[in-house]
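No hydrogens, no waters, no symmetry mates; every other heavy atom, side chains included, goes into these values.
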Amino acid sequence: MRPLIIAAALCLVTFHLALIFSGLVPNLVSRPLHLALALPWILLAAQQGLLARTSGIILTVLGIGACVWVAVSHDRLSDQYGFLEGSFQLAIAVILIVVVLESARRAIGLPLPLVALLALLYGLFGQHIPGEFGHSGTPLASFLGTLTIAEGGIWGSLTGVSVNVVAIFVIFGAVLNAGEAGQGFMNIASAAAGRLKGGAAKVSVLSSALFGSISGSASANVASTGAITLPAMTRLGYPKRLAAAVEAVASSGGQIMPPLMGAGAFVMVELTGVPYTSIMAAALLPALLYFVAVWIGVNAYANHHDLAGLTEKDRPSGRDVLVTSCFFMIPFTVLLIGMFWVQYTPQYSASMAILASFLLLFFNARGIGTGKEGLARVERALVNAARQVSMIAAIIVCASIIIGVLSITGLGVKITSLILSGSGGLLWPSLFLTALACMVLGMEVPTTAAYVICVSVAGPALIQLGLEPLQAHLFVFWFALLSTITPPVCGAVFIAAGMINENWLKVALTAMALGIGLYIIPLAMIANPSLIRLEGDTMGAIFAALQTGLGLGLISYALIGFKNPALRIVTGVAGLAVVFWRVMIG
């Protein structure tokens, strides 16, 4: 079984790298094969029980067969313009939709496929709904064909992002994590902040910011950096709720920290048409502000509890910091030189960085490692890459069904009109309605999926009300992330609380105070658009960041730093005034 797993992982990774170096491949070839390679990892891996395994085998065989048929028949299908011909093609369409829905259910649970199923039912039967929310109806062969044999549904542009860009960066992160890069992040963080007051918590903040930039997953971040930082904090006498909250909040920042942003950056490229490098530039200062706010909060808690820094024996030597930092600095340097100096595409640059990271798997902090150690790391990199690429594929392909139905039926336009009328045509009420929708949806589905669904229905309304497209998309993306630390469903908090055996609600309340930037910064992007214009107006962006940082610092100290209620209120109001002064005087 193990050789089969390694071979399947190698096929998936090789396929996606080959796409980058092989030139143009038809979309109806690359995208179905992408899903075909992902299906075994979703439908077969880690399935418990005879029924789950048996159904997984059947669905995998049928799904791979249908995907391969679409890829082989792509020339003929392109001439059908999304219209199914005959019962065989109808069966292929039904198989693909069932397989996509079940794959998403097994990968991330019921909510996202349930939303997709409701969208399908609306597309099939919405013509019977009276009033403006009905539609005129679409022939079954055209509706299902557009979703399954054309580039307007599960093989649409969103899936193209998963195939051509997201998969490459996920592979890059998996190869980095399989080597010494993670330890390099921890060593740099420990050397930079370990000796400070509250040093163990600040190491968690820095290491999570660094590690999160390549993991893009709050849960993965908590599990990896938390395994080191949580025991260190408890050993030094940190309150358990604070230790878990620091790790949950710091780890959540991985999804807003360039370059990965939990795959959201690449989806944003497709939906906005803004170049990837511009999105990185726009997202950088808000992400840094988030971690600055967390740092300020940690400092306030450190003063309250007289929290010690790491002891000298727990801090790495200068040699260890220098050597282990090379394991991520070399690949990141290759990536940045490729993108900004040679001006390769992001995915081509990442492919070159993957090759550099791959070579480093055969080295460790002492020099050249053993062949057995290197092969074990390669295996770990391949398997983790295949699992993560498949998970994201399941999410994005399922979300593509929803996007396809919105496009076919015109429902997105109708929801946009509802938001505009419900808010009275005013921007800030529309923002709060959108933020509420993002937070609720984000409780049930992963951040990227919540962002895609929310921005598809609410984004046009926000843009009509005067926001720049990138403003609207970043706003929605940040609020889709709220559920990582906000009850009742707060994944990062659950994991951190479980790792340290603390009551999750206590951890969540502390995390919300520490992570106040997650609630304030997206609103600050609207109140002061210069904050995301680092590329076009560098000085204006830096000034806006300093202003927002000052306001966030005051708000953080109002929540954590002061015990006097009157002082808290005055400081908090002053902080809000600093952040939102443009709105107040406008």
Side-chain angles (χ1 to χ4, degrees), residues 205-206 208-210 212-213 216 218 221 249-269 272 274-297 431 434-435 438-439 442 447-448 450-451 454-455 459 462 467-482 484-486 514-556 575-576 578-583:
V205 175
L206 284 180
S208 293
L210 292 168
S213 68
N221 211 344
V249 170
S251 294
S252 296
Q255 290 191 290
I256 54 175
M257 175 63 79
L260 287 191
M261 295 171 62
F266 312 114
V267 176
M268 216 173 285
V269 170
T272 62
V274 176
Y276 171 69
T277 50
S278 298
I279 288 176
M280 278 180 58
L284 181 60
L285 288 179
L288 292 177
L289 281 173
Y290 173 79
F291 284 104
V292 166
V294 177
W295 185 284
I296 291 171
L431 290 171
T434 303
C438 291
M439 188 169 69
T447 303
T448 302
Y451 154 65
C454 282
V455 86
L462 299 180
L467 294 190
E468 299 171 3
L470 189 53
Q471 256 187 311
H473 281 254
L474 284 171
F475 174 83
V476 171
F477 185 76
W478 273 64
F479 270 106
L481 185 61
L482 283 186
T484 58
I485 62 170
T486 308
L514 275 173
I516 188 64
L518 203 56
Y519 304 84
I520 300 294
I521 293 171
L523 296 172
M525 295 180 205
I526 310 300
N528 193 349
S530 296
L531 185 58
I532 61 172
R533 292 175 181 162
L534 183 63
E535 188 177 48
D537 180 15
T538 304
M539 293 309 299
I542 292 173
F543 179 78
L546 291 173
Q547 172 198 324
T548 306
L550 174 60
L552 279 172
L554 292 171
I555 294 168
S556 185
L576 290 171
V578 170
V579 175
F580 299 109
W581 68 273
R582 287 175 180 267
V583 177

[atom2] on [Y] to [atom1] on [X], rounded to 0.5 Å:
X	Y	atom1	atom2	value
I521	I516	CD1	CD1	10.0 Å
L481	T486	CG	OG1	9.0 Å
L288	M257	CG	CE	5.0 Å
C438	L482	SG	CG	8.5 Å

Please report the closest heavy-atom contact between [X] and [Y], naming both atoms and the distance.
X	Y	answer
L474	A282	CD1-CB, 4.1 Å
E535	A281	CB-CB, 4.0 Å
P522	G517	CD-O, 3.8 Å
S530	D537	OG-OD2, 4.2 Å
V269	P275	CG2-C, 4.3 Å

Do [X] and [Y] come close enough that some side-chain heavy atom pair is under 4.5 Å?
X	Y	value
V455	V267	no
L523	F475	yes
L467	L431	yes
P286	I256	no

How far apart are the C-alpha atoms of F479 and L518, what are their side-chain angles, what is the distance that settles it, and do they pass the side chain to side chain contact (heavy atoms under 4.5 Å, CB included) test?
CA-CA 8 Å; F479 270 106; L518 203 56; over 6 Å; no
Can you list the residues that meet the side chain to side chain contact (heavy atoms under 4.5 Å, CB included) rule with A541, with sequence neighbours excluded?
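Here the qualifying residues are L285, L534.
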Going by the rule side chain to side chain contact (heavy atoms under 4.5 Å, CB included), which residues pair with V274 if we only count those two or more places apart in sequence or in a different chain?
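If we apply the side chain to side chain contact (heavy atoms under 4.5 Å, CB included) test to V274, skipping adjacent residues, the hits are T272, S278, I279, L470.
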Output every pair passing side chain to side chain donor-acceptor pair (under 3.5 Å) with a member in residues 469-478, not counting sequence neighbours, ordered by first then second residue.
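Side chain to side chain donor-acceptor pair (under 3.5 Å) check on residues 469-478 returns Y451-H473.
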Applied to residues 282-297, the side chain to side chain donor-acceptor pair (under 3.5 Å) test, sequence neighbours excluded, yields none
Using the side chain to side chain contact (heavy atoms under 4.5 Å, CB included) rule, take L531 and L289 through it: C-alpha gap first, then chi angles, then the decisive distance, then the call.
CA-CA 10 Å; L531 185 58; L289 281 173; 3.7 Å; yes
Distance-only donor-acceptor pairs under 3.5 Å for side chains of residues 542-555, two or more places apart:
from, atom 1, to, atom 2, distance (Å)
Q547, OE1, W581, NE1, 3.1
Q547, NE2, V578, O, 2.8
T548, OG1, A544, O, 2.8

Restricting to pairs with a member in residues 467-482, which pass salt bridge (Lys or Arg N to Asp or Glu O under 4.0 Å), not counting sequence neighbours?
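Matches after skipping sequence neighbours: E468-R533.
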In this structure, which one of I296, V294, L514, I520 forms a side chain to side chain contact (heavy atoms under 4.5 Å, CB included) with S556?
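Testing each of I296, V294, L514, I520 against S556, the sole residue satisfying side chain to side chain contact (heavy atoms under 4.5 Å, CB included) is I296.
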